[in-house]
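Per chain, numbering begins at 1; letters A, B, ... match sequence-line order.
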Number of protein chains: 2
Amino acid sequence: MGPRKTTTRERLITTAAELFWRQGYAQTGVNEIIQQARATSGSFYHFFPAKEDLLMAVIDHMSEKLQVEVFEGSDNTVADPIERLFSVLSAYRRYLAANDFVFGSPLASLAAEVSENHPAVREKLSEFVEGWTSQIEGLLTDAGPRLPVNTDRRVLARFIVNAMEGGVLQARVSRSAAPFDASVTQLRTHFDLLQNDVESPKAPSLPVRSTPRREPPVGDWKAW
Amino acid sequence: MGPRKTTTRERLITTAAELFWRQGYAQTGVNEIIQQARATSGSFYHFFPAKEDLLMAVIDHMSEKLQVEVFEGSDNTVADPIERLFSVLSAYRRYLAANDFVFGSPLASLAAEVSENHPAVREKLSEFVEGWTSQIEGLLTDAGPRLPVNTDRRVLARFIVNAMEGGVLQARVSRSAAPFDASVTQLRTHFDLLQNDVESPKAPSLPVRSTPRREPPVGDWKAW
DNA sequence: GTCTATACCCTGATAGAC
DNA sequence: GTCTATCAGGGTATAGAC
């Protein structure tokens, strides 16, 4: 492959990605995308039969970009899996802070806006989140005996993703990085405690709580 | 105050609240709201000069409803502050599960969709989140010596809110309660560990980590 | 406060020449 | 593949009688 100029299709996708991210899907008109991408209506509908088809392409584009800039853009010289995890979180923060957190999570916004109205979009976003969760779960598995044996790696991975995504959302709404940083700080504490628990595994057998813990029946909605 | 029928204004707000929650703000047309509320265009614009004014009223309505159904709808016979917290989380789960989690967080969706385009809306949503965070922080403060002395109650409260809101979002996208429940389960573990830490506070002074912890400079974006 | 009718604009999408 | 011109429809919002 020789040197290659940006194609119209690529420009449509990248500019749409940015506009959707900033303003949302519904708020962004096709005309606006066309203008800003220096394209025409004819080109647009040549590549994308409908606006939703562009949306699907945008999600693919964003997924790939996030994968590259955050996961692979983190300090992958870090050998320790847990420190590697925090390196990823740090890369995510850098990515978001580059826009002062105002754009929020690139895909979570779309999830909230269009997941109900466009089933295919919801499906794609779901796969993306699962992918990230699995990657984090992989790091936790690599941590091996560093974490207590009874730690459910998948639950912990989901927990981390939730705390981060929630943090981004609140950061955007409150126009402050504090909510995001609270998640990272407390996650660090969480891991410190988990690792202490490995060292002295007898302690947690005497909980202070008054009521017994109830394990939620996962997948069973209406219960509890 | 005697018995009172529902006013047109109220019907407009409640039906709009549900429609915004389900479909998003932009996807919901004024006509749709008017029809479903059995009102007319004239009434609508009599009460609300513009669609955005209705949105503001809807947010107020949702905030109040959430406060009543979740916080006050939780089991407030529970005296222990920490168990009280988990009672609130349980009430929140009940509230969401009543719609099979498909609607997501009533206000977070709006936050993601319209926060950038409507500054006044963003401000109102920010205040709402702060209110909830403060209420949770209050419970944590009430827990007093049950938590380690060096625990920043505000950071922990933010962390909890983040984990819950993130969980709701992923639950909606993945059409499964599992992500939400993962947050609750792991938060329970987190509190167990924190309380163990109170009992044997010497243990955490020997962390396994290889690199020193970095406290993030809150409010200072571009750093780290 | 509520009704009907309607203005006016911007939307996504199409047609057909080049 | 790209262009211009244009369509049909739904969007928010208004006017004015009752």
Between C:dG12 atom P and A:Glu32 atom CD, what is the distance in whole Å?
-> 9 Å
Do any N or O atoms from the side chain of A:Thr14 and from the backbone of A:Arg11 form a donor-acceptor pair under 3.5 angstrom?
-> yes
Residues which pass salt bridge (Lys or Arg N to Asp or Glu O under 4.0 Å) with A:Lys51, listed by chain and number, not counting sequence neighbours = none
Is the phosphate of C:dT2, meaning OP1 or OP2, less than 4.0 Å from a side-chain N or O of B:Thr8?
-> yes
Could you state the atom-to-atom distance from CZ of A:Phe47 to C1' of C:dA13 in whole Å?
-> 17 Å
Round to the nearest Å and state the distance from B:Phe48 atom CZ to C:dG1 atom P.
-> 12 Å
B:Glu113 side chain to B:Gly24 main-chain N or O, any donor-acceptor pair under 3.5 Å?
-> no
Over-ring placement of B:Arg188 relative to B:Phe86, 6.0 Å and 45° cut-offs = yes
Under the ring-ring contact (aromatic ring centres under 6.0 Å, His included) test, residues paired with A:His190 that sit two or more places apart = A:Phe159, B:His190
Distance check: side-chain N/O of B:His46 vs OP1/OP2 of C:dT2, anything under 4.0 Å?
-> no
What string of B, S and - do you get for nucleotides 3-18 of chain D 5' to 3' if you count protein non-hydrogen atoms under 4.0 Å?
-> BBB------BBB----
Between B:Ser183 and B:Ala163, is there a donor-acceptor pair closer than 3.5 Å when you use the side chain of the first and the backbone of the second?
-> yes
